[in-house]
Structures are given as C-alpha cells and as structure tokens.
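Reading through the structure tokens given below for one structure.
Values below: all heavy atoms of this structure, side chains included; hydrogens, waters and symmetry mates excluded. Note that the structure is a prediction, hence the values are computed from the model and not measured. Per chain, numbering begins at 1; letters A, B, ... match sequence-line order.
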Protein chains: 2
Amino acid sequence: MKGIIFRFGLLAFALLALFQLSKYTLIAPGFSDELWIAIFATLFLTLGFVMSRQLRKNAANDAIDDIDSSRVEELGISQREYEVLVQIATGKSNKEIADTLFVSESTIKTHVSNLLSKLDARRRTQAVTRAKELRILK
Amino acid sequence: MKGIIFRFGLLAFALLALFQLSKYTLIAPGFSDELWIAIFATLFLTLGFVMSRQLRKNAANDAIDDIDSSRVEELGISQREYEVLVQIATGKSNKEIADTLFVSESTIKTHVSNLLSKLDARRRTQAVTRAKELRILK
DNA sequence: GTTGGACCGGTACTTAAGTACCACCGCCAT
DNA sequence: ATGGCGGTGGTACTTAAGTACCGGTCCAAC
C-alpha cells in the first residue's frame with residue numbers, strides 16, 4: 001500500500017521533471033501550452049487508472065488471504081476436521097470422503113459430528129454455510 | 001459502459017474548455033505553465049481513479065447478473081424447484097424448507113428429488129456445488 | 001376437450017446422515 | 001508416568017434424506 005503510493009508518486013515526479021527538461025531544452029521547445037496540457041492529461045489519466053487497478057488488486061489479495069483465517073483454531077477445529085469440512089463442501093458423501101482420506105466411514109462420521117457441534121450446525125449443509133459466514137471456507 | 005465513457009469524455013472536454021477560458025480571460029491569466037500542469041495532472045489523476053472505479057463497479061454488477069443465467073431453463077428446472085434449490089443452499093432441512101414455503105415436507109422431497117436428477121447429483125450438498133459450477137447459484 | 005406440465009401431497013420403502021457411546025494408539029507436556 | 005488430545009475405528013441406534021410410485025388440481029396450449 002505505502003509502496004504503491006511511493007512508486008506512483010515517484011513516477012508522477014519523473015513526468016513533471018521530464019516536462020521541465022523538454023520545455024527549456026532541445027527536445028520540444030515549440031510545443032504549445034494546449035498540447036502540453038493534453039499530453040499530461042492523458043498521462044495522468046492513465047496513471048490514475050493504473051494506480052486504481054493496482055490498489056484494487058492489492059485489496060483483493062488481502063481479502064483472499066483473510067478468507068482462510070485463524071478462526072479455525074478459535075473454534076477448536078483440528079487439522080483433520082478441517083480437511084473433512086473441505087470435503088463436505090465439495091458435496092461428497094461420508095463414504096467418498098473416507099475413500100479420499102484413506103480412513104473408514106466411522107472415522108468420518110466422528111469428525112463430521114464433532115464439526116457440527118463446533119460449528120453449531122445440525123446438518124452438513126448448514127455446516128458449510130456457517131463455515132462460509134465465519135470466513136473459514138471459500 | 002458506453003455511457004460511462006461518454007460522461008467522462010464530456011467531463012474531460014469540459015475541463016479543457018475551462019482551461020481555455022481561464023487562460024485567455026479574466027479568471028487567472030497570471031498562472032504559470034507549471035501550475036497549470038500540476039492542476040491538470042491532479043485533476044486527471046483523480047478522473048482516472050474515479051473512471052476506473054466506475055468501470056470496476058459496472059463489471060462487478062455484470063458478473064453478479066450473469067451468475068444467475070438462463071441455464072436454469074435449459075436444465076428444465078422450474079420456478080418452484082429453483083426456490084427449493086436456493087433454500088437447500090442456505091443449509092435448511094426439508095422440513096424447514098417446507099415451513100418457509102408453506103407446503104408439506106412430501107412436496108419438498110419431490111422437488112428435491114427432481115432437482116437432483118436434473119442437476120445430475122446424488123446428494124443435496126452435491127446439488128449445491130453443481131449449481132455453483134453451472135453458475136445458477138452464488 | 002384433452003393433453004401436458006407444474007405444483008401439491010401422500011404411502012412405503014431404502015439409504016445416508018447423524019448421535020452416543022466405547023476402545024485403542026501415539027504424542028507431548030506437566 | 002499420567003492425563004489430555006487428536007486420530008482412528010467400532011456398535012447400536014435415531015433421524016433425515018432420497019426413491020418410487022400414486023393421485024389430484026390448476027392452467028395453458030393445441
């Protein structure tokens with residue numbers, strides 16, 4: 001954030017310096033004021049555009065980062081339980097989750113049951129929506 | 001989209017016209033070139049910022065609009081079935097959906113069963129993920 | 001006017017999900 | 001070394017979900 005402002009500020013300064021150089025030296029002494037205005041208008045319009053995009057992209061990345069938060073630990077959800085939660089969100093059955101995680105269906109049932117109580121849900125579908133509300137799932 | 005470009009183009013034109021007026025008339029004939037450049041740089045930097053934001057907002061709205069597409073009809077999903085699908089996605093049970101839609105649980109079961117076959121899913125959780133893949137649910 | 005689809009509701013059934021225990025193992029912290 | 005915790009797995013059970021029919025109403029299109 002601060003880095004972006006610094007870099008774009010530097011760029012703006014460089015452009016103004018370029019103007020000084022070009023006006024009083026050999027490069028383009030004959031340019032009219034209107035032309036200069038037009039050039040700088042275009043330049044800074046573009047600059048504003050790019051800056052805005054950069055800032056947005058940064059904000060978006062931050063948002064993605066804090067979607068998966070450390071709230072999982074606060075809820076007392078263990079590593080394995082979270083893995084099961086992710087599998088539930090993809091729409092798999094207990095048997096299918098058991099197969100992908102190489103454990104028995106009984107184990108998955110235990111994990112799911114623990115997840116439901118920790119997420120304060122009564123159904124696996126509700127657990128998924130709760131998890132998204134709590135920003136621990138995409 | 002075209003409206004935004006038109007409006008901002010008009011705004012840019014107005015600013016340049018303002019420059020012409022102010023330079024050769026009574027308002028501010030004594031301003032130096034550097035000052036003018038600085039003023040226009042700031043103005044157009046802001047303009048670029050605002051334009052970019054407007055365009056982004058528009059794009060976001062478009063994206064939300066085409067998330068709910070007419071693919072629902074292609075799949076032969078009826079109005080009522082879609083309502084049930086939305087309710088499923090919130091994590092409600094058949095009984096809860098029945099209560100909110102003022103029908104019996106049997107009816108909801110029928111709708112859910114039809115939805116599952118139309119969405120090619122075997123569980124309601126899978127139906128939700130399928131629906132999101134098909135962009136008929138947020 | 002009858003055919004078709006959407007909607008509602010029911011019965012009877014199978015299967016999946018969820019609950020409530022219990023037990024065993026491995027770890028690591030007190 | 002003992003207690004707690006995470007992970008695993010089991011049994012026995014209840015409840016929810018899903019399937020496969022059926023019948024009925026309403027409405028629009030042919």
Straight-line distance of Lys92(A) NZ to Thr129(B) OG1, nearest 0.5 Å: 10.5 Å
Phosphate-side-chain proximity, Arg124(B) and dG18(D), N/O vs OP1/OP2 below 4.0 Å: yes
Distance in angstrom units between Leu119(B) CG and dA17(D) C1', rounded: 16 Å
d(CD1, Ile108(A); C1', dG7(D)) in whole Å: 11 Å
Selected nucleotide, minimal atom distance to Leu116(A) side chain, candidates dG18(D), dG9(C), dG18(C): dG18(C)
Distance-only donor-acceptor check, side chains Ser104(B) and Thr107(B), under 3.5 Å: yes
Whole angstrom value for the distance that separates P of dA17(D) from CZ of Arg122(B): 18 Å
Candidates dT8(D), dG7(D), dA17(C) - which lies nearest the side chain of Thr110(A): dT8(D)
Given dG18(D), dA17(C), dT8(D), the nucleotide with the shortest approach to the side chain of Thr107(A): dT8(D)
Atom-to-atom span, CD1 of Ile77(A) to P of dG7(D) - whole angstrom: 12 Å
Selected nucleotide, minimal atom distance to Gln79(A) side chain, candidates dG18(D), dG18(C), dG7(D): dG7(D)
Option passing salt bridge (Lys or Arg N to Asp or Glu O under 4.0 Å) with Lys118(B) (candidates Glu74(B), Glu81(B), Glu73(B)): Glu81(B)
Rounded distance in Å - CG (Asn114(A)) to C1' (dG4(D)): 15 Å
Under-4.0 Å side-chain N/O to phosphate OP1/OP2 contact, Ser113(B) with dT19(D): yes
Ser117(B) side chain to Asn114(B) backbone, donor-acceptor under 3.5 Å: yes
Under 4.0 angstrom between Arg80(B) side-chain N/O and dC8(C) OP1 or OP2: yes
Contact under 4.0 Å: His111(B) side-chain N or O vs dC8(C) OP1/OP2: yes
Check: Thr110(B) main-chain N/O paired with Ser113(B) side-chain donor or acceptor under 3.5 Å: no
Residues from residues 84-97 of chain A lying under 4.0 Å of DNA chain C - heavy atoms: Ser93(A), Asn94(A)
Gap between atoms CG and C1', on Leu115(A) and dG18(C) respectively (whole Å): 13 Å
Nucleotide nearest Ser106(B) (side chain, heavy atoms from C-beta), chosen from dC7(C), dG7(D), dT11(C): dT11(C)
Separation of dC7(C) C1' from Phe102(B) CZ (nearest whole Å): 17 Å
Flag, side chain of Gln126(B) to backbone of Arg122(B), donor-acceptor distance under 3.5 Å: yes
First of Ser78(B) and Lys109(B) reached from the 5' end of DNA chain C, by closest nucleotide: Ser78(B)
Separation of dA6(C) P from Glu83(B) CD (nearest whole Å): 14 Å
Test item: Arg71(A) side-chain N/O and Leu134(A) main-chain N/O as donor-acceptor pair under 3.5 Å: yes
Qualifying residues under salt bridge (charged side-chain N to carboxylate O under 4.0 Å, His left out), relative to Lys132(B), sequence neighbours excluded: none
